[in-house]
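Worksheet for the structure shown next.
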Amino acid sequence: MEGKERIGLIAGWGDFPLAAANSIVASGYDLVVIGIRGHANRQLAELAKDYVELGLGRFGAAVRYFRRHRVHRVVLAGKVFKTRILVRFAWLKHWPDWLFWRYFYQHFWTGGQNRNDDTLLLTVTKLFKDHGMNCMPATDFAPELLVNPGPLTRRRVSELERKDIQFGWQIAKEMGRLDIGQCVCIKGQTVLAVEAIEGTDDCIRRAGELCSTGGIVVVKVAKPQQDMRFDVPTVGVGTIEAMQAAGARVLAIESQRTIILDQPTVVETANRLGISILAIPAP
């Protein structure tokens, strides 16, 4: 149908971009996708009116591409692996253009700005806004991905595990305030592992290596200053499988501010493995 609004999607790694893409199309919009090189799933090309793959530094090309396709609203979805960017010669694959350096010069050259997730992503949203495009939360198009409050699984949480959840919640919120990470792993009100650049699943695996007795509680929450346009806490089947391997038995997440990808499968997997998932409203 002619005249449908076109939504631009910048897709990183993982299943979230696919879920967002399906919801955007189901809502009656045409979809135009930029897949981040080395990250995006090529299945997105099957859902999109048009698809292109660009390096992370190709913002000039991204703006021209979206303008050519008459895109005025943009969604950011999916993980970007900083560990793939910070290695030597990684930028050769992503090759920054003039618009990248215009906006990110102080982040990557002079050191005048930090490279925390919020700082970088707010610069991305400013760049697109300056060029006539507003970045929107993916959950505006897929609100069903945000988890509702309550226990999601059969296994009950013990009193000691509840204490670990309360303890870990405070730690995770402070980490979020500092823009370090969103996830902590707790045992006996002791912090085993804190998420940083490596991501949630590797944080959980590290906790398992440090605590061979199991019984780990994983707490993953939104930042106090969470911008729902990007970096929204997300869990999927891979998170549950990482917990099983590490000996973790409880996952506590923040309701209405956490995305669960394929919730029925996540819950079924957790029930099968004897893992509790608890979605808790923010105090």
Cluster check L9, V80: I/L/V/M/F/W/Y, side chain < 4.5 angstrom: no

With the side chain counted from C-beta on, respond yes when R67 and H131 share a heavy-atom pair under 4.5 Å apart, and no when they do not. yes

Only one of T213, L210, V217 passes side-chain contact (heavy atoms from CB on, under 4.5 Å) with K187; say which it is. T213

Full working for side-chain hydrogen bond (donor to acceptor under 3.5 Å, both in side chains) between T239 and K220: CA-CA 11 Å; T239 310; K220 186 176 177 75; over 6 Å; no

same_hphob_cluster(L54, V124) at 4.5 Å side-chain heavy-atom cutoff: yes

Kindly indicate whether the side chain of D179, heavy atoms from C-beta on, has any atom under 4.5 Å from the side chain of K223. yes

For Q170, does the CD atom have more than 12 heavy-atom neighbours from other residues, nucleotides or ligands under 6.0 Å away? no

Using atom types as modelled and distance alone, determine if a side-chain donor or acceptor of Q226 lies under 3.5 Å from a backbone N or O of D231. yes

Would you name the heavy atoms of V147 and A279 that are closest together and state the gap between them? CG2-CB, 3.9 Å

4.5 Å side-chain heavy-atom contact, T234 and L145: no

Given 3.5 Å as the limit, does a donor-acceptor pair link the side chain of D97 with the main chain of G60, or not? yes

Any sub-3.5 Å donor-acceptor pair from K173's side-chain atoms to A222's backbone N or O? yes

Does one hydrophobic cluster hold both L99 and L76, with members joined at side-chain heavy-atom distances below 4.5 Å? yes

Applying side chain to side chain contact (heavy atoms under 4.5 Å, CB included), run through I10 and V74 and close with a yes or a no. CA-CA 7 Å; I10 299 179; V74 176; 4.0 Å; yes

With side chains defined as the heavy atoms from C-beta onward, is the minimum distance between I277 and I253 less than 4.5 Å? yes

Search all heavy atoms of I165 against all heavy atoms of A252 and return the closest pair with its distance. CG2-CB, 3.8 Å

Run the salt-bridge test on E161 and R156 with the 4.0 Å N-O cut-off and return the result as yes or no. no

Between D164 and Q189: side-chain donor-acceptor atoms closer than 3.5 Å: no

4.5 Å side-chain heavy-atom contact, F141 and R73: yes

Before you tell me yes or no, could you show the steps for F66 and R6 under side chain to side chain contact (heavy atoms under 4.5 Å, CB included), namely the whole-Å CA-CA distance, both residues' side-chain angles and the distance that decides it to 0.1 Å? CA-CA 9 Å; F66 280 152; R6 296 183 174 188; over 6 Å; no

Here the pair of heavy atoms bringing L192 nearest to A207 is CB-CB, 4.1 Å

What's the verdict on side chain to side chain contact (heavy atoms under 4.5 Å, CB included) for F104 and F59, showing C-alpha distance, side-chain angles and the deciding distance? CA-CA 11 Å; F104 290 95; F59 281 100; 3.8 Å; yes

Side-chain heavy atoms under 4.5 angstrom apart, residues restricted to Ile, Leu, Val, Met, Phe, Trp, Tyr: same cluster for L18 and V235? no

Please check if the side chain of T123 supplies one atom and the backbone of T119 the other of a donor-acceptor pair under 3.5 Å. yes

Over all atoms of both residues, closest heavy-atom pair of D227 and V232: O-CG2, 4.4 Å

Ion pair check, R206 and E198, cut-off under 4.0 Å: yes

Taking all non-hydrogen atoms of both residues into account, name the closest pair between L261 and F16 and its distance. CD1-N, 3.5 Å

Identified side-chain contact (heavy atoms from CB on, under 4.5 Å) counterpart of T200 within the set R205, M243, K79, E195: E195

Looking at L122, is its backbone amide N or carbonyl O close enough to the side chain of T125 to form a donor-acceptor pair, meaning the two atoms are under 3.5 Å apart? yes

Side-chain touch R42/E53, heavy atoms, less than 4.5 angstrom: yes

Side chains of E144 and T139: do they bring a donor and an acceptor to under 3.5 Å? no

Heavy-atom side-chain proximity of Q244 to I240 below 4.5 angstrom: no

Chi angles and distances behind the side chain to side chain contact (heavy atoms under 4.5 Å, CB included) call for M175, V184: CA-CA 9 Å; M175 286 168 44; V184 293; 2.9 Å; yes

Please determine whether the number of non-hydrogen atoms from other residues, nucleotides or ligands lying under 6.0 Å from atom CZ of R272 exceeds 12. yes

Going by the angle between their ring planes, with limits at 30° and 60°, are Y105 and W101 parallel, tilted or perpendicular? perpendicular

Could you report the tightest heavy-atom contact between V33 and Y65, atom names first, then the distance? O-OH, 3.6 Å

Is the closest side-chain heavy-atom distance between V266 and T269 below 4.5 Å? no

